[in-house]
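So that the names make sense, note that chain A is the first sequence line, chain B the second, and so on, each numbered from 1.
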Amino acid sequence: MQTNEWPLVLFTLLCQTAVGVFLVSELLTAAAVRRMEMAEVLPLSAFLRLSILLITLAAAGISFFHLGRPLNAFRTLGNLSTSWLSREILFLLIFAACTVLLLGMASLAPRALAVARLFQVTGGLAGLLLIFTMSRIYMLPAVPTWNSMFTPRLFFSSTLLLGTAVTAALWAVRLHAVNPELSSGITAIWYRKTSPLLAGLTAGFLLISILLTVLFALRMQKFQSLLQASERLFPSPGIVLLFRILLLLTAVVLAAVLFLRVRSEADSLSPLLAPWLILLGLIITAEVLGRHLFYNVFTRTGGL
Amino acid sequence: MTEQYAFFFNAAACSGCKACQMACKDKHDLAIGILWRRVYEIAGGSWKQKEGVWIPEVAVFNLSIACNHCRKPLCLEACPTRAIFKRKDGIVLFDEGKCSGCRYCEWACPYSAPQYDSLKGVMTKCHFCYDRIDRDQPPVCVTACPLRALDFGELKTLQKKYGTNDTVYPLADPAPAEPALIIQKHHNTDLARRVKAVLSNREEVNHADK
């Protein structure tokens, strides 16, 4: 991998995490608002929105380390007509703005539901377009290993997987801090109801990630001679791939155990902070390895 | 008025002396690792048994490639800051002051033309020696070639003179970018494709790996 691409590994994964958490948490918030008092929902919702904003800001900050001239970063919106990178930055800004507005509304105008819904929809669409434009950046005719539908599939799969796992972990962190026994309160009841869903979704998205990883690896066989010629074989992609799949399989087992536990012991459950954090750790490590592998297979047609 | 300047390269004539590469590097005082014009050494093949006799089936030839000042430059489309632009005579130029050093143009170009200067933090690329062109002088790479394997001029004029072939194994499909390039193939080209010859001087020329 080129040494300058570690910031991109982190930037893409953090953006995908932020968008994923936004989609999952705002859907949950919208569903919760229908069943619960706004005052019950707001603290958790504000915590999640603040987390999304911090993750987005971290992604934006890290992206500067990729730039040779960070002071010219403001110019990156200058070619919206043809550059996917310009479009990516535009949607990142819209997404971040919607998150800020939703966060502000949570404290300033908690009852303005219609306006909040507008920002939720706009933010969600901007987030989806951010991931789409991000994947289009890599679909270059000159780079056959990236130029396929696998790129958006991998990026959207990461978005959903990280979004679900991080939302669940953040939710557990929050409840562990304010209501560790889940003794009372509607959010505790809501958590008990939704945690099986989050665990089940995480397991499902993990299975999709494993499938995509295997299919992507099989596709790379076509370019084996190019990749060998480009001499980017250390550490061996095979070892990285194997380690990623092992981590994802371990995470599937843990997510399945979590799912069974939260479903069967819903009434006496604690936030299960440690299992969620371990699951998240496994997923993050697997995703970093996967993205490392993705950048590692960069090669031009002809290997030139 | 020239509409589209272009390079001609005769792979059959090139000996791989790299005078073009060095003349370019010298004139533009390029930093270590940056080569606006690169001589790729394509090599491959092995021994083959034929009628009980082992005979060599190898293909070796050189490709001298710089920026092809494409008619549809993918680098220009990719650049988010509009630091890359095309002159009226087709030369693709680069405005260092606008570059953010994101290196997206480097990925987008099928010919590795934009190259990153890590000291300046910006991309650099062949500008067709436009300073010499404006004084009616040829680019230095063309002047330096002792075998006259390189030529330059108006694309249509060159096409009349040398034909219209704009690609050769293992260069990329020219369709998306429409390079302003004409190539005379080496007689080993088809064999090179068959034996899957590869770039053999990667460490020397491939800036993208650094």
Side-chain angles (χ1 to χ4, degrees), chain A residues 1-5 7-8 11 63-90 92 133-134 136-147 224-233 295-296 298-304, chain B residues 38 40 42 44 63 65 72-84 95-113 116-123 167-177 196-200 202-203 205-210:
Chain A
M1 187 168 73
Q2 294 175 39
T3 49
N4 67 318
E5 278 159 13
L8 288 183
F11 170 74
S63 72
F64 280 84
F65 288 96
H66 171 69
L67 299 179
R69 287 248 175 110
L71 289 177
N72 273 344
F74 73 95
R75 295 183 189 274
T76 51
L77 278 172
N79 193 8
L80 290 169
S81 58
T82 62
S83 174
W84 286 105
L85 205 153
S86 284
R87 295 166 188 165
E88 177 201 49
I89 301 302
L90 174 70
L92 177 63
T133 50
M134 186 182 278
R136 285 305 308 257
I137 285 175
Y138 297 90
M139 293 169 72
L140 298 161
V143 186
T145 41
W146 288 349
N147 191 22
Q224 203 172 22
S225 60
L226 269 182
L227 292 169
Q228 279 173 349
S230 69
E231 292 169 5
R232 279 196 213 93
L233 292 173
Y295 284 103
N296 237 310
F298 170 89
T299 188
R300 282 194 190 82
T301 308
L304 302 185
Chain B
R38 298 158 304 285
Y40 295 113
I42 310 300
L63 286 176
I65 302 291
K72 291 181 184 171
L74 300 180
C75 57
L76 186 152
E77 285 181 12
C79 177
T81 65
R82 291 187 190 268
I84 300 172
D95 183 347
E96 195 178 296
K98 287 185 179 175
C99 179
S100 66
C102 72
R103 304 180 70 166
Y104 189 26
C105 54
E106 185 183 24
W107 286 349
C109 174
Y111 305 103
S112 307
Y116 185 64
D117 186 332
S118 55
L119 294 175
K120 292 181 180 175
V122 294
M123 300 307 297
T167 190
V168 66
Y169 177 86
L171 289 183
D173 172 14
K196 293 181 180 169
V198 295
L199 176 64
S200 65
R202 172 166 300 280
E203 280 188 11
V205 295
N206 207 328
H207 182 77
D209 280 353
K210 296 179 181 87

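- Aromatic ring orientation, A:Trp146 versus B:Trp107: perpendicular (interplanar angle above 60°, classes split at 30° and 60°).
- B:Leu76 touches chain A through its backbone: at least one of N, CA, C or O sits under 4.5 Å from a heavy atom, while the side chain does not.
- The side-chain heavy atoms of A:Ile89 and B:Pro80, taken from C-beta on, include no pair separated by under 4.5 Å.
- A heavy-atom distance below 4.5 Å is not found between the side chains of B:Arg82 and A:Ser86.
- When all heavy atoms are compared, the tightest approach of B:Ser100 to A:Ala73 is CB-N, 4.4 Å.
- Atom OG1 of residue A:Thr82 and atom NZ of residue B:Lys72 lie 13.0 Å apart, to the nearest 0.5 angstrom.
- Between B:Ala108 and A:Ala142, the shortest heavy-atom contact is O-CB, 3.5 Å.
- Taken to the nearest 0.5 Å, the SG atom of B:Cys99 stands 7.5 Å off from the CZ atom of A:Arg69.
- For the atom pair OG1 of A:Thr76 and OH of B:Tyr104, the computed distance is 13.0 Å after rounding to the nearest 0.5 Å.
- Interface residue A:Leu77: only backbone heavy atoms are found under 4.5 Å from chain B.
- Of all heavy-atom pairs between B:Glu106 and A:Arg300, the closest is O-NH2, 2.5 Å.
- Ranked by heavy-atom pairs shorter than 4.5 Å toward chain B, the options A:Leu71, A:Ile137, A:Leu80 are led by A:Ile137.
- Looking at B:Ala78, only its backbone comes within 4.5 Å of chain A, counting heavy atoms on both sides.
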